[in-house]
J.: 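Below is the structure I would like to discuss, written out as structure tokens.
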Amino acid sequence: MATKARFLPALLAAAAACVCMSAVASAFDVPSVAFEEGFSPLFGDGNLVRATDDRTARLLLDRRSGSGFISSDYYLHGFFSASIKLPRDYTAGVVVAFYLSNGDVYEKTHDELDFEFLGSRWGGQWRVQTNVYGNGSTSRGREERYLLPFDPSLEAHRYSILWAPTHIIFYVDDTPIREVIRRPAMGGDFPAKPMAVYATIWDGSAWATEGGKYKVNYKYAPFASDFSDLSLVGCRVADPAGITLTRGGAGGCDEGGLLGLMTADYAVMTPQKRAAMRAFRARQMTYTVCYDAARYAAGPFPECDNSDEERQSFWAWGESKTVVMKTRGRGRRGRANRAATAGAARGRTAVASS
């Protein structure tokens with residue numbers, strides 16, 4: 001309880017910052033919901049801290065546990081969004097995730113759409129990974145990874161997933177970073193069953209940072225990630241196994257229905273948005289499965305929009321030749337940064353033990 005009380009003032013300040021940032025960064029006019037209206041705790045007990053206005057939730061990772069929450073309903077298509085501020089300083093091995101899944105209902109044939117934020121040894125240099133799985137197709141992973149053109153630990157940015165029957169779009173703020181168009185050859189690999197919305201923070205030491213070379217260092221704990229401006233716009237499902245749609249309520253199918261979803265601005269890929277997406281990918285994408293010939297020798301997936309010119313920018317294993325994470329200097333500035341990081345870490349450790 002003492003830890004929660006110490007975090008609350010900072011959490012309220014973060015909530016205010018998130019609201020201002022999302023108003024500037026996101027052009028999409030979508031309603032947000034209070035935590036109680038749309039979500040329930042998933043795990044972590046005291047490591048899930050809710051602001052007094054119930055509009056922001058802080059997820060903590062410490063030696064005891066990570067934490068997470070889940071939407072109270074399942075959805076069959078929709079637009080799902082959150083403003084997220086990621087942990088600062090040394091975050092190797094830490095994974096923060098905002099995603100859709102139905103693994104609790106379809107254990108062997110689950111669908112999933114992910115934003116996974118992968119920590120690093122250098123503060124603020126998070127990598128973002130997007131995943132698309134359908135019908136249990138985890139052996140045919142469709143991962144992509146990107147750097148961000150900003151420090152996601154300094155202020156909140158909005159991350160959104162548009163899931164329609166015909167296509168999927170991942171957004172960072174109002175910029176699309178990935179589009180997956182449903183092709184007949186994809187078959188069941190395109191997510192098509194109702195999913196819930198999740199937010200989690202957890203220890204991914206086994207793989208998250210340089211293939212597991214660098215682990216979570218709990219002297220920097222607790223690691224804190226703030227979620228606000230939570231949006232759930234879609235067709236709610238009463239029985240995700242039987243796919244019985246629920247009518248009524250904010251964001252329900254009676255408010256424009258599937259047609260309303262498909263014609264909303266966030267679902268329409270204009271030429272301007274596609275140009276912005278291509279520019280982002282050219283500057284920020286570090287890996288794409290579409291050029292990973294070492295992993296998939298039979299050729300790219302049917303939804304991949306490859307070109308011979310673009311292929312020259314990638315190695316045969318899908319990694320970019322030009323977009324790489326740059327390490328920080330080891331001179332005087334590097335020593336100062338490490339000293340500041342160590343001081344901040346000691347402060348957080350004191351908070352965690354209070």
J.: Do the side-chain N and O atoms of Y214 and R121 include a donor-acceptor pair separated by under 3.5 angstrom?
T.: yes
J.: For the atom pair CD (E310) and OG (S320), what is the distance rounded to the nearest 0.5 Å?
T.: 9.5 Å
J.: Does A294 have any side-chain contact (heavy atoms from CB on, under 4.5 Å) partners at least two apart in sequence or in another chain, and if so, which?
T.: D292, W317
J.: Against the six-membered ring of Y287, is R145 placed for a cation-pi contact (under 6.0 Å from the centre, within 45° of the normal)?
T.: yes
J.: Quick one: side chain to side chain donor-acceptor pair (under 3.5 Å) partners of R140, sequence neighbours excluded?
T.: D189
J.: F314: what forms a ring pair (Phe, Tyr, Trp, His ring centres under 6.0 Å) with it, not counting sequence neighbours?
T.: Y291
J.: Among R127, R295, R178, exactly one meets salt bridge (charged side-chain N to carboxylate O under 4.0 Å, His left out) together with E143. Which residue is that?
T.: R295
J.: How would you list, by chain and number, every residue that makes a side chain to side chain donor-acceptor pair (under 3.5 Å) with S32, sequence neighbours excluded?
T.: R55
J.: Would you check if there is a donor-acceptor pair between the side chains of H110 and N102 at a distance under 3.5 Å?
T.: no
J.: Looking only at side-chain N and O atoms, does N47 offer a donor or acceptor that is under 3.5 Å from a partner on S67?
T.: no
J.: Using 4.0 Å as the upper bound for N to carboxylate O, is an ion pair formed by E179 and R281?
T.: no
J.: Are a donor atom and an acceptor atom from the side chains of D203 and S205 found within less than 3.5 Å of each other?
T.: yes
J.: Would you compute the distance between atom CZ of R183 and atom CZ of F301 and round it to the nearest 0.5 angstrom?
T.: 15.0 Å
J.: Angle class for the F98/F227 ring planes (parallel below 30°, perpendicular above 60°, tilted otherwise)?
T.: tilted
J.: Y133: what forms a ring pair (Phe, Tyr, Trp, His ring centres under 6.0 Å) with it, not counting sequence neighbours?
T.: none
J.: Among side-chain atoms of E144 and T130, is any donor-acceptor pair under 3.5 angstrom?
T.: no
J.: Mind checking side-chain contact (heavy atoms from CB on, under 4.5 Å) for D54 and listing every partner two or more places apart, or none if nothing turns up?
T.: A34, F35, E36, R50
J.: Taking 4.0 angstrom as the limit, do D226 and K85 come out as a salt bridge?
T.: no
J.: Could you tell me which residues satisfy side chain to side chain donor-acceptor pair (under 3.5 Å) with S231, sequence neighbours excluded, listed by chain and number?
T.: R158
J.: Among all residues two or more places apart in sequence or in another chain, which pass the ring pair (Phe, Tyr, Trp, His ring centres under 6.0 Å) test with Y171?
T.: F28
J.: Can you tell me if CH2 on W207 sees more than 12 non-hydrogen neighbours from other groups inside 6.0 Å?
T.: yes
J.: Is it true that D73 and S71 share a donor-acceptor pair across their side chains at a distance under 3.5 Å?
T.: no
J.: Applying ring pair (Phe, Tyr, Trp, His ring centres under 6.0 Å), can you list everything that pairs with F43, at least two apart in sequence or on another chain?
T.: none
J.: Could you list all the side-chain hydrogen bond (donor to acceptor under 3.5 Å, both in side chains) pairs where at least one residue sits in residues 296-307, not counting sequence neighbours?
T.: R142-E303
J.: Under the salt bridge (Lys or Arg N to Asp or Glu O under 4.0 Å) definition, can you give me all pairs with a residue in residues 103-116, not counting sequence neighbours?
T.: D111-K193
J.: For D29 and Y266, which I'm curious about, is there any donor-acceptor pair between the side chains at under 3.5 Å?
T.: no
J.: My understanding is that only residues two or more places apart in sequence, or in another chain, count here; which of them pass side chain to side chain donor-acceptor pair (under 3.5 Å) with S40?
T.: S72
J.: Can you tell which of L60, L59, L86, V95 makes a side chain to side chain contact (heavy atoms under 4.5 Å, CB included) with I201?
T.: L59
J.: Measure across S160 and F79 and return the closest heavy-atom pair with its distance rounded to 0.1 Å.
T.: CB-CZ, 3.4 Å
